Amino acid sequence: MTQRALPSTLARYKHTFQKIKDEKTSNTNFSRIPHDVYKEILQTRPLPMREEFTKESKLSTDTLEKIEYGEGKHYVPQTLSDKVAMYTVKALRVLPDTYFGKDHYMRVVMLETVAAVPGMVGGMLRHMKSLRNLSEDRGWIDHLLHEAENERMHLMTWLKCLQPNMWNRFLILGVQGVFFNAYFAMYMLSPKMCHRMCGYLEEEAVISYTHFLNDIDAGIQKNGPAPAIAIDYYNLQPNATIRDVVLAVRADEALHRDANHFFSDRLAAHKEDIETEVREIAQHEHHHSNA
């Protein structure tokens with residue numbers, strides 16, 4: 001999920017750290033940072049999830065528009081728990097639709113504070129299960145934690161475009177507190193239902209970002225320059241716009257939609273060992289490529 005920081009950033013932080021040493025601040029908290037912790041924080045950065053954003057060449061608007069996101073893609077509920085998950089998400093959408101309306105920036109800020117919760121809760125509880133059962137996780141934890149980080153990066157991006165007022169900050173605090181605890185409790189009872197619910201949540205996220213995009217194209221929402229954090233994270237062109245960022249984030253949400261529906265299906269089939277299957281597929285592909 002991480003890679004080396006940019007050389008300019010590395011040089012800047014080395015200068016700062018050397019300055020602290022030169023001032024002989026031996027009794028400050030800064031001087032007690034373990035060297036490896038300092039080095040790790042300095043040299044790492046969040047890494048995108050989709051392979052399109054990790055290539056060497058910077059992405060243009062045309063490239064972003066060609067990323068397949070599965071327009072209108074919807075998982076038809078198969079069981080009672082699937083229906084409960086779907087209608088719960090539909091009901092939860094009513095409040096932001098009513099409260100935020102066409103305020104897309106505040107809507108996506110609220111959306112990402114919620115969307116970053118499931119991956120962290122799922123990853124944490126899978127981690128605890130691995131410890132408790134004295135067994136390998138087999139491919140879930142890394143993806144779920146990466147998903148949570150990816151959603152958090154969406155939030156950090158949109159916060160460069162909007163600073164919520166005090167009331168909305170209190171609203172975020174309340175929504176996060178309720179949703180985290182409810183999702184945590186539900187994941188303990190039914191991980192399958194939780195991943196299905198998250199899949200439906202991401203379906204709605206794709207719809208929300210499509211509405212955002214449509215309003216930019218219609219001139220209802222201003223299309224300004226993309227925040228630097230998004231240009232760096234998604235490997236965009238230096239002159240990228242908000243519209244480009246919306247396209248990139250929508251592609252992420254589509255990935256989360258498909259991944260969580262997949263996880264729910266695997267839990268329903270009692271086939272949780274994804275890692276072994278992936279390695280077998282990779283070996284098979286390697287064998288054929290060398291044949």
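None of these values were measured; they are calculated from a predicted model.
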What heavy-atom pair brings [X] and [Y] nearest, and what distance separates the two atoms?
X	Y	result
Leu47	Glu149	N-OE1, 3.9 Å
Ile216	Asn223	CG2-CB, 3.6 Å
Ile231	Ala226	CD1-O, 3.8 Å
Asn235	Lys55	ND2-O, 2.7 Å
Gly119	Ala148	C-CB, 4.0 Å

Identify whether the distance between the nearest side-chain nitrogen and carboxylate oxygen of [X] and [Y] falls below 4.0 Å.
X	Y	result
Lys129	Glu272	yes
Arg45	Asp232	yes
Lys192	Asp265	no
Glu277	Arg266	yes
Glu202	Arg257	no

Do [X] and [Y] have side chains that get closer than 4.5 Å, going by heavy atoms?
X	Y	value
Ile274	Arg138	no
Leu64	Leu236	yes
Phe184	Val117	no
Thr113	Val175	no
Val249	Glu253	yes

Enclosure of [X] [atom1] (heavy-atom neighbours >12, cutoff 6.0 Å):
X	atom1	result
Met188	CE	no
Tyr87	OH	no
Phe170	CZ	no
Arg50	CZ	yes

Q. Does the side-chain contact (heavy atoms from CB on, under 4.5 Å) test come out yes or no for Met193 and Met186, once each step is laid out?
A. CA-CA 8 Å; Met193 182 175 173; Met186 190 162 66; 4.1 Å; yes
Within the side chain of [X], is there an N or O that forms a donor-acceptor pair under 3.5 Å with the backbone of [Y]?
X	Y	value
Arg243	Asp217	no
Asp137	Ser130	no
Glu151	Met153	no
Asn150	His146	no
Asn214	Thr210	yes
Asn133	Ser135	no
Thr54	Glu51	yes

Q: Taking the six-membered ring for Trp and the full ring for Phe, Tyr or His, determine whether the centres of Trp140 and His127 are under 6.0 Å apart.
A: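 No: the rings miss the under 6.0 Å criterion.
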Q | Aromatic ring proximity His195/Tyr187, centre distance under 6.0 Å | A |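 For His195 and Tyr187, the ring centres are under 6.0 Å apart.
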Q) Within 45° of the axis and under 6.0 Å from the centre of the six-membered ring of Tyr75, does NZ or CZ of Arg196 qualify? A)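 Yes, Arg196 lies over the aromatic ring of Tyr75.
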(Q) On the six-membered ring of Phe100, is Arg107 placed so that its NZ or CZ lies under 6.0 angstrom from the centre and within 45° of the ring axis? (A) no
**Q.** Residue pairs involving residues 233-258 (criterion ring pair (Phe, Tyr, Trp, His ring centres under 6.0 Å); sequence neighbours excluded)
**A.**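 Applying ring pair (Phe, Tyr, Trp, His ring centres under 6.0 Å) to every pair that reaches into residues 233-258, excluding sequence neighbours, yields Phe53-Tyr234.
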Q. Side-chain donor-acceptor pair under 3.5 Å between Gln237 and Asp244, yes or no?
A.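 On atom types as modelled, these side chains do not qualify, holding no pair under 3.5 Å.
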Q: Indicate the ring-plane relationship of Phe212 and Tyr209, choosing parallel, tilted or perpendicular according to the 30° and 60° boundaries.
A: parallel
Q: Assess whether side-chain contact (heavy atoms from CB on, under 4.5 Å) is satisfied between Met106 and Tyr99, documenting all intermediate values.
A: CA-CA 10 Å; Met106 192 58 228; Tyr99 181 73; 5.6 Å; no
(Q) Pair Val245, Thr157 - check side-chain contact (heavy atoms from CB on, under 4.5 Å), show working. (A) CA-CA 9 Å; Val245 178; Thr157 294; 3.9 Å; yes
Q. Should Ile242 and Tyr69 be regarded as members of a common hydrophobic cluster, given that ILVMFWY residues are connected when their side-chain heavy atoms come within less than 4.5 Å of each other, either directly or indirectly?
A.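 Each belongs to a different hydrophobic cluster.
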Q.
Starting from Met49 and following side-chain heavy-atom contacts under 4.5 Å between hydrophobic residues (I, L, V, M, F, W, Y), which residues can be reached?
A. Leu255
Q: Starting from the C-alpha separation in whole Å, work towards a yes-or-no answer on side-chain contact (heavy atoms from CB on, under 4.5 Å) for Thr63 and Lys66.
A: CA-CA 5 Å; Thr63 304; Lys66 291 176 182 177; 5.9 Å; no
**Q.** Gln163: partners by side chain to side chain donor-acceptor pair (under 3.5 Å), with sequence neighbours left out
**A.** Arg169
Q | Verdict with reasoning, Arg250 to Ser208, per side-chain hydrogen bond (donor to acceptor under 3.5 Å, both in side chains) | A | CA-CA 9 Å; Arg250 183 177 67 176; Ser208 292; over 6 Å; no
